[in-house]
Structures are given as structure tokens and as C-alpha cells.
Amino acid sequence: MPKIKFTDTAVERECVAVDGKTTWYSDTDTRGLQLCVTPAGAKTWYLNRWDPTAEKTRRVKLGPFASK
């Protein structure tokens, strides 16, 4: 999983699907925040958080990356 600092320009330029596969990017500063990039170019934000009831990590979909 590549790690970059999430900024508008970095996400636009650097976040692409590698080798035609879905690629997950994580932020160097914000723990748990991830960006999923599909081969078609769709970018979706996710957050990993701890669920104390089930005692495991859950991935929560936040929404699509808003293009300008």
C-alpha cells in the first residue's frame, strides 16, 4: 500500500491504479484514512476504525473523491 500525504494535487496526480488493479493509498499523517483507486479511475475515501463491540477493525466508506 503506497503512502503519500493527501493533498488535492497529490491525489489528482499521483493516485492511479497500478498495473490495472485496484490500489489502496494511505496518508502519512492521518491514521486509518485510505483512498481506493479502481482501474476505471474511480477514487473513494475509506476510514478504518476499531469496533469495540465486535473487537475488530471495520472499514467505513466515506464517499467519492470530489473532482474539481
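Positions are given from 1, in the same order as the sequence printed here. For clarity, every value in this text was computed on a predicted model and none was experimentally measured.
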With sequence neighbours excluded, residues passing ring pair (Phe, Tyr, Trp, His ring centres under 6.0 Å) with Tyr25: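 Once residues adjacent in sequence are excluded, Tyr25 has no partner under the ring pair (Phe, Tyr, Trp, His ring centres under 6.0 Å) criterion.
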Qualifying salt bridge (charged side-chain N to carboxylate O under 4.0 Å, His left out) pairs with a residue from residues 15-28, counting only residues at least two apart or across chains: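 Every pair satisfying salt bridge (charged side-chain N to carboxylate O under 4.0 Å, His left out) with a residue in residues 15-28: there are none.
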Pair listing, salt bridge (charged side-chain N to carboxylate O under 4.0 Å, His left out) test, anchored in residues 39-51, at least two apart: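 Residue pairs with at least one partner in residues 39-51: Asp51-Arg58.
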Residues forming a side chain to side chain donor-acceptor pair (under 3.5 Å) with Asp29, sequence neighbours excluded: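 Lys5.
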Derivation of the side chain to side chain contact (heavy atoms under 4.5 Å, CB included) call for Val11 and Phe65: CA-CA 9 Å; Val11 171; Phe65 174 75; 3.5 Å; yes
Rounded distance (nearest 0.5 Å) linking atom OG1 of Thr7 with atom CZ of Arg13: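 Spacing of OG1 (Thr7) from CZ (Arg13) equals 9.0 Å.
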Taking distance alone, no hydrogens or angles, what donor-acceptor pairs closer than 3.5 Å link side-chain atoms of residues 31-40 to residues at least two apart or in another chain?
from  : atom 1 : to    : atom 2 : distance (Å)
Gln34 : OE1    : Asn48 : ND2    : 3.4
Gln34 : OE1    : Arg59 : NH2    : 3.3
Thr38 : OG1    : Ala42 : N      : 3.2

Side chains of Val60 and Trp45 in contact at under 4.5 Å (non-hydrogen atoms):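 With C-beta onward as the side chain, the pair stays apart.
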